[in-house]
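Heads up, the thing below is written out as structure tokens.
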2 protein chains.
Amino acid sequence: MPDQPRVRELNRSRYAVLGALTLGPKSGYDLRQFFSRSVGFFWSESFGQIYPILRTLSAEGLIEAEPATNERRRPYRITEAGRAALKQWLEQPPVMEVGRIEVLLKLFFAGEASPAVAFDHLQVVRNEHMQRLERYAQVADRLDTELADHAQVVYWRLTLDYGRRTSEALLAWCDAAEAALREATGGPVLR
Amino acid sequence: MPDQPRVRELNRSRYAVLGALTLGPKSGYDLRQFFSRSVGFFWSESFGQIYPILRTLSAEGLIEAEPATNERRRPYRITEAGRAALKQWLEQPPVMEVGRIEVLLKLFFAGEASPAVAFDHLQVVRNEHMQRLERYAQVADRLDTELADHAQVVYWRLTLDYGRRTSEALLAWCDAAEAALREATGGPVLR
DNA sequence: GCCTGCATGTAAACGGTTACATGATTCG
DNA sequence: CGAATCATGTAACCGTTTACATGCAGGC
């Protein structure tokens with residue numbers, strides 16, 4: 001039996017890069033900005049990943065360097081083979097991993113600390129999601145105006161809505177959680 | 001300036017183990033079960049982490065091996081120093097990292113695949129969260145009955161509610177997303 | 001006595017971030 | 001000219017999962 005052909009093939013970062021390049025040629029720097037700006041709320045990549053990936057994808061013929069420009073950035077463009085590889089990955093069912101949520105770990109054991117600690121942590125969550133909702137609103141604006149005619153905008157709105165709905169649900173959760181804690185610890189906490 | 005004292009100190013797995021041991025002595029095997037059963041929906045640890053951590057925590061005096069029993073499991077108990085270390089960690093503000101959500105990455109670029117792919121992925125999400133809601137309901141039952149008198153139950157309910165609310169929000173999102181896709185791709189998709 | 005499952009443990013591989021190195025360009 | 005910033009790139013480190021190794025207990 002010859003060499004058991006690795007079943008793995010996770011490498012999601014490779015496909016994240018390929019996907020980003022379907023929106024037009026990008027340099028490593030451009031990619032970093034794309035990941036921190038456009039899809040930052042559900043995906044991120046660091047330089048330490050991006051540049052090596054660009055090199056290997058290029059070696060595999062899935063992307064290729066743009067003809068030299070006089071700019072400092074050196075952009076890559078996705079090839080037909082790259083599009084095919086991306087498409088094949090997109091078609092695989094998504095892996096639904098359970099993320100680690102540090103704040104829940106701290107709340108689960110919050111009885112070991114003083115009661116005010118739980119309230120503080122809830123406040124952090126509230127602030128975080130209020131900020132996220134602000135950003136989502138800004139992005140929604142752009143989707144409705146300058147990007148409204150783009151063929152893929154339906155999908156982008158969809159991912160944005162995922163973020164919006166979870167943040168709203170978690171703000172409601174903060175309210176309920178604080179109420180429950182006030183109930184349990186007796187009266188509002190003064191600090 | 002002498003030797004810049006490492007600011008890091010993440011090591012959340014250590015504190016997850018310490019926290020678990022506040023609920024009573026546990027062996028490595030017990031811990032694994034605790035992580036996959038009780039807090040599995042927001043935290044997990046593998047054997048590869050647990051056993052080395054038990055060794056180092058023990059060496060640091062934060063936990064200690066239980067006096068020998070004739071059982072096969074070798075449980076550890078948290079020490080006072082361990083409780084203090086845990087408390088100190090619990091009091092630090094939680095790190096609100098943005099998790100990577102693979103299914104959103106696939107949906108964001110779903111325009112590169114055929115339209116039916118997005119519907120399939122949404123179905124996976126729906127199934128996942130329906131299952132989670134079932135599990136949450138079971139756990140809620142136990143919290144209201146056999147565990148109802150435990151001092152920390154208020155915190156446990158709180159974390160459970162986090163899961164329940166997000167799953168409900170995401171089921172609603174699935175509905176909305178499918179409606180939007182039917183709209184955009186014209187009529188329901190038959191497959 | 002042998003097989004299956006329980007329980008502990010370790011090594012290797014992996015994916016990712018962080019920190020650092022380097023040069024080029026722009027601006028005061 | 002010097003400083004700050006842009007852009008590419010690499011090396012080290014870290015946390016985590018996976019796979020494997022080992023031994024013991026209980027049941028056929």
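Residue numbers begin at 1 in each chain, while the letters A, B, ... track the order of the sequences.
Atom CZ in B:F47 sits about 18 Å away from atom P in C:dA11, given to the nearest Å. Atom CD1 of B:I50 and atom C1' of C:dA7 are 12 Å apart (whole Å). The separation between B:I53 atom CD1 and C:dG9 atom P is 13 Å, rounded to whole Å. C:dG23 atom P lies 19 Å from atom OH of A:Y29, rounded to whole Å. Here the P atom of nucleotide C:dA19 and the CD atom of A:Q49 are 16 Å apart, to the nearest Å. One interatomic measurement links the two molecules: CG of B:D30 to P of C:dG9, which rounds to 13 Å at whole-angstrom precision. Atoms CD (B:E45) and P (D:dG15) sit 12 Å apart, rounded to a whole Å. Between the CZ atom of B:R55 and the P atom of C:dA11 there is a distance of 9 Å, rounded to whole Å.
A salt bridge does not link B:K106 with A:E91: none of the charged nitrogens is closer than 4.0 Å to a carboxylate oxygen. Between A:E66 and A:R74 there is no salt bridge, since no side-chain nitrogen of the basic residue lies less than 4.0 Å from a carboxylate oxygen of the acidic one.
Contact annotation: A:S13 side-chain N/O to C:dG16 OP1/OP2 distance is under 4.0 Å. In this model, the phosphate group of C:dG9 is approached by a side-chain N or O of B:R74 to a distance below 4.0 Å at OP1 or OP2. Within the 4.0 Å cut-off from OP1 or OP2 of D:dA19, not a single side-chain nitrogen or oxygen of B:S46 is found. Neither OP1 nor OP2 of D:dG26 sits under 4.0 Å from any side-chain N or O of B:R72. Residue B:N11 has no polar side-chain atom (N or O) positioned under 4.0 Å from OP1 or OP2 of D:dC14. Between A:Y51 and D:dT8 there is a side-chain polar atom (N or O) within less than 4.0 angstrom of OP1 or OP2.
Between the side chain of B:W173 and the main chain of A:L158, a donor-acceptor pair closer than 3.5 Å is present.
Residue contacts for B:G48: at a heavy-atom cut-off of 4.0 Å it reaches a base atom on one of the strands shown. Nucleic acid contact class of A:R32 (heavy atoms, under 4.0 Å, all strands): none.
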Steps toward salt bridge (charged side-chain N to carboxylate O under 4.0 Å, His left out) verdict (B:E60, B:R14): CA-CA 12 Å; B:E60 295 168 29; B:R14 290 162 47 94; 3.0 Å; yes

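Each of B:Y76 and A:W43 lies near DNA chain C, and the nucleotide nearest B:Y76 is the one positioned closer to the 5' end.
A 6.0 Å sphere centred on CD of B:Q88 holds no more than 12 heavy atoms belonging to other residues, nucleotides or ligands.
Side chain of B:R73, nearest nucleotide from C:dT17, C:dA7, D:dT17: C:dA7. In this structure, of C:dG16, D:dC6, C:dT10, it is C:dG16 that holds the atom nearest to the side chain of B:R100.
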